[in-house]
Amino acid sequence: MSDLLLHNSLSRGKERFEPADPGCVRMYVCGPTVYDLAHIGNARAMAVFDVLYRMLRARFPRVFYVRNITDVDDKINERARTSGEPIASITARTIADFHADMAALGCLPPDIEPRATAHIPDMIALIERLMASGHAYAASGHVLFAVGSFPAYGMLSGYSAEELQAGARVEVAPFKRHPGDFVLWKPSTPDMPGWDSPWGRGRPGWHIECSAMSWRYLGETFDIHGGGRDLIFPHHENEIAQSCCAFPGSGFARVWLHNGMLRVNGEKMSKSLGNFLTLRDALARAPGEVVRLVLLRTHYRAELDFSDLALGEARRELDRFYRALERHDDVQASGDAILRTLCDDINTPGALAAMHGLADAALAGDRRAGSELRAGGDLFGLLQQSPAAWFRGASGSDDVGAINAAIAERRQAREARNFARADQIRAALAGRGILLEDGPAGTTWRRTS
RNA sequence: GGUCCGGUGGCAGAGUGGUGAUGCAGCGGACUGCAAAUCCGCGAAUGUGGGUUCGAUUCCCGCCCGGACCUCCA
């Protein structure tokens with residue numbers, strides 16, 4: 001097998017990937033903050049790293065994939081305040097929604113999905129280490145990380161502490177020693193979630209949870225840390241600072257991967273523009289595999305335009321793949337051809353081109369190609385259903401008997417060369433989203449919507 | 001303003017220092033009663049100006065255009 005190359009945000013270039021422990025790849029991905037439904041930007045990150053997870057599982061004996069759930073956050077508090085719904089209710093519901101959405105998107109569950117609120121003691125332990133080593137200080141009830149104590153601060157984002165100071169456009173809290181210092185722990189009022197700590201009752205800052213949970217489950221050093229590009233600064237930069245200072249010499253994550261942002265129908269996705277598309281919205285418009293393919297048709301580091309046009313194209317691509325599977329899928333296959341292309345920095349568009357080549361071959365009668373196509377689909381998390389289910393399953397109505405009756409009537413009409421009647425029947429079905437296809441073995445049907 | 005990323009056919013979207021993948025759409029043809037699907041074929045692109053090179057879409061520089069990020073916190 002050829003090398004696995006991954007673009008490391010730390011070096012801004014592709015590197016040959018070698019896990020620290022050849023027996024087990026350790027990966028951490030930033031999961032959702034559970035105050036609202038996942039949007040398609042979240043979905044992209046989840047789908048991209050799910051493909052990586054599948055690739056790694058195909059290449060290495062074991063993969064341990066950790067994806068956290070942030071269930072303590074001021075956005076959650078704010079949602080509870082404005083809606084009146086209790087925090088525990090908001091987070092429980094949103095987590096259930098998230099799991100349902102991920103399943104619909106075809107994402108494998110991570111090996112463990114730790115919740116921030118279950119790891120407060122780990123966070124406190126980490127903060128105490130930072131206090132003891134002089135990287136953190138208490139001020140006005142807060143505990144802050146002192147960026148000046150970490151010379152490498154900025155190694156990921158490319159910002160220097162000085163630049164940040166110069167460019168600061170937000171009012172800096174007066175108790176900070178350096179404008180770049182960030183909160184590790186902050187005080188909570190009685191109506192806010194809080195935990196007892198050496199610094200009084202309080203709650204964690206945004207970044208410390210990921211340092212704590214990755215430490216807990218993956219150790220001081222691990223292989224891959226992934227997330228959206230918008231997390232590079234400040235979130236990941238601060239994670240690095242916390243973890244590297246708490247565990248000198250550890251280096252924290254060895255490879256950082258960041259997926260690009262989304263546009264919707266050509267516009268930047270934002271709540272103010274009113275085009276903030278939830279994954280659930282997308283799933284209402286198209287099957288999960290179609291949404292997933294749209295997210296994987298573009299290389300993960302590039303900006304992606306999520307459009308209705310793209311949904312249509314993706315659906316037609318999947319139609320073709322399923323047609324190829326319909327004819328031939330009965331041989332053992334490895335998926336190696338597809339995996340080889342994916343191993344060039346998760347080159348899903350390139351691998352998709354290879355999938356089309358396999359589909360061509362399968363449609364031409366190469367049974368092995370059809371099986372390779374299926375195996376490639378397993379790497380993509382696509383082609384996970386039977387062609388029959390894809391073309392004729394789901395989408396509501398149980399009018400299969402009526403459809404078959406109509407087909408039988410049309411067959412009689414055609415045999416009598418009454419094509420006007422035959423076409424009338426076909427048009428009536430087409431109006432209900434049923435497309436008839438006359439083949440050598442008779443007439444088959446599929447849903448077009 | 002600072003830092004960084006990107007500009008490929010009508011659209012989407014890869015690779016590559018030496019005749020520019022793949023998909024969708026379009027056009028012509030085969031097949032079909034007609035379609036659908038499938039197959040065959042066709043046209044169509046590397047933002048711009050320089051530089052390096054025998055040769056640049058690929059490497060370097062300028063320019064233009066587009067995009068991302070520039071924290072804490074209420």
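Proteins get letters first, then strands, A, B, ... in listed order; numbering begins at 1 in each. Worth saying up front: this structure is predicted, and the values here are computed from it rather than measured.
- Taking only side-chain atoms of A/Asp438, from C-beta outward, the nucleotide of B/rA35, B/rG2, B/rU71 with the closest atom is B/rA35.
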Run the salt bridge (charged side-chain N to carboxylate O under 4.0 Å, His left out) test on A/Arg426 and A/Asp423 for me, step by step, so that the C-alpha distance in whole Å, both residues' side-chain angles and the decisive distance to 0.1 Å come before the verdict.
CA-CA 5 Å; A/Arg426 186 169 60 191; A/Asp423 290 349; 3.4 Å; yes
Give the C-alpha distance, both sets of side-chain angles, the deciding distance and a yes or no for side-chain hydrogen bond (donor to acceptor under 3.5 Å, both in side chains) between A/Glu317 and A/His356.
CA-CA 9 Å; A/Glu317 278 189 74; A/His356 280 288; 2.7 Å; yes
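- No hydrogens or angles considered: a donor-acceptor pair under 3.5 Å links the side chains of A/Thr189 and A/Asp191.
- The side chain of A/Asp360 lies closest to B/rG23, out of B/rA21, B/rG23, B/rG33.
- For B/rU38, the OP1/OP2 oxygens have a side-chain nitrogen or oxygen of A/Arg323 closer than 4.0 Å.
- Residue A/Arg411 is classed as having no contact, given no heavy-atom separation below 4.0 Å to the nucleic acid.
- Between the side chain of A/Arg301 and the base of B/rG67, no donor-acceptor pair under 3.5 Å is found.
- A/Asp36 has no carboxylate O lying under 4.0 Å from a charged side-chain N of A/Lys75, or vice versa, which leaves the two without a salt bridge.
- Distance A/Glu237 CD to B/rG2 C1': 15 Å, rounded to the nearest Å.
- Across all strands shown, B/rG43 forms no Watson-Crick or G-U wobble pair with both distances under 3.5 Å.
- The side chain of A/Phe233 sits closest to B/rU71 out of B/rU71, B/rU22, B/rC73.
- Put simply, CD1 on A/Ile232 is 11 Å from C1' on B/rU3, counting in whole angstrom units.
- Using modelled atom types and a 3.5 Å distance limit, the side chains of A/Asn68 and A/Tyr28 yield a donor-acceptor pair.
- Taking atom CG of A/Leu373 as the reference point, atom P of B/rG23 lies 13 Å away to the nearest angstrom.
- Atom P of nucleotide B/rG33 and atom CD of A/Glu415 are separated by 13 Å, given to the nearest angstrom.
- The existence of a salt bridge linking A/Asp3 and A/Lys14 is excluded, since no basic side-chain nitrogen approaches an acidic carboxylate oxygen closer than 4.0 Å.
- Side-chain N/O atoms of A/Arg229 and base N/O atoms of B/rC5 include no donor-acceptor pair closer than 3.5 Å.
- Toward the 5′ end of RNA chain B lies the nearest nucleotide of A/His207, the other residue of the pair A/Asp74 and A/His207 mapping further downstream.
- For A/Glu317 against B/rG23, a side-chain-to-base donor-acceptor contact under 3.5 Å is absent.
- Both A/Ala353 and A/Leu304 sit near RNA chain B, but only A/Leu304 has its closest nucleotide nearer the 5' end.
- With hydrogens and angles ignored, a donor-acceptor pair under 3.5 angstrom links the side chain of A/Arg426 to the base of B/rA35.
- Between A/Arg414 and B/rU32 there is no side-chain N or O to OP1 or OP2 distance below 4.0 Å.
- Comparing the P positions of B/rG55 and B/rC70 gives a spacing of 45 Å, expressed to the nearest Å.
- Side-chain proximity of A/Arg417 to the nucleotides B/rA12, B/rG33, B/rU71 is greatest for B/rG33.
- Distances were taken from every side-chain heavy atom of A/His299 (C-beta onward) to each of B/rA36, B/rU71, B/rA14; the shortest belongs to B/rA14.
- The listed nucleotides are B/rG33, B/rC69, B/rC4; the one nearest the side chain of A/Arg12 is B/rC4.
- A donor-acceptor contact under 3.5 Å is not formed by the side chain of A/Arg316 with the base of B/rG23.
- At the phosphate of B/rG13, OP1 or OP2 sits under 4.0 Å from a side-chain N or O atom of A/Thr298.
- If you check B/rG6 for Watson-Crick or wobble pairing at under 3.5 angstrom, you find it paired to B/rC65.
- Counting distance only, with no hydrogens placed and no angle test, the side-chain atoms of A/Asp423 and the base atoms of B/rG33 include a donor-acceptor pair under 3.5 Å.
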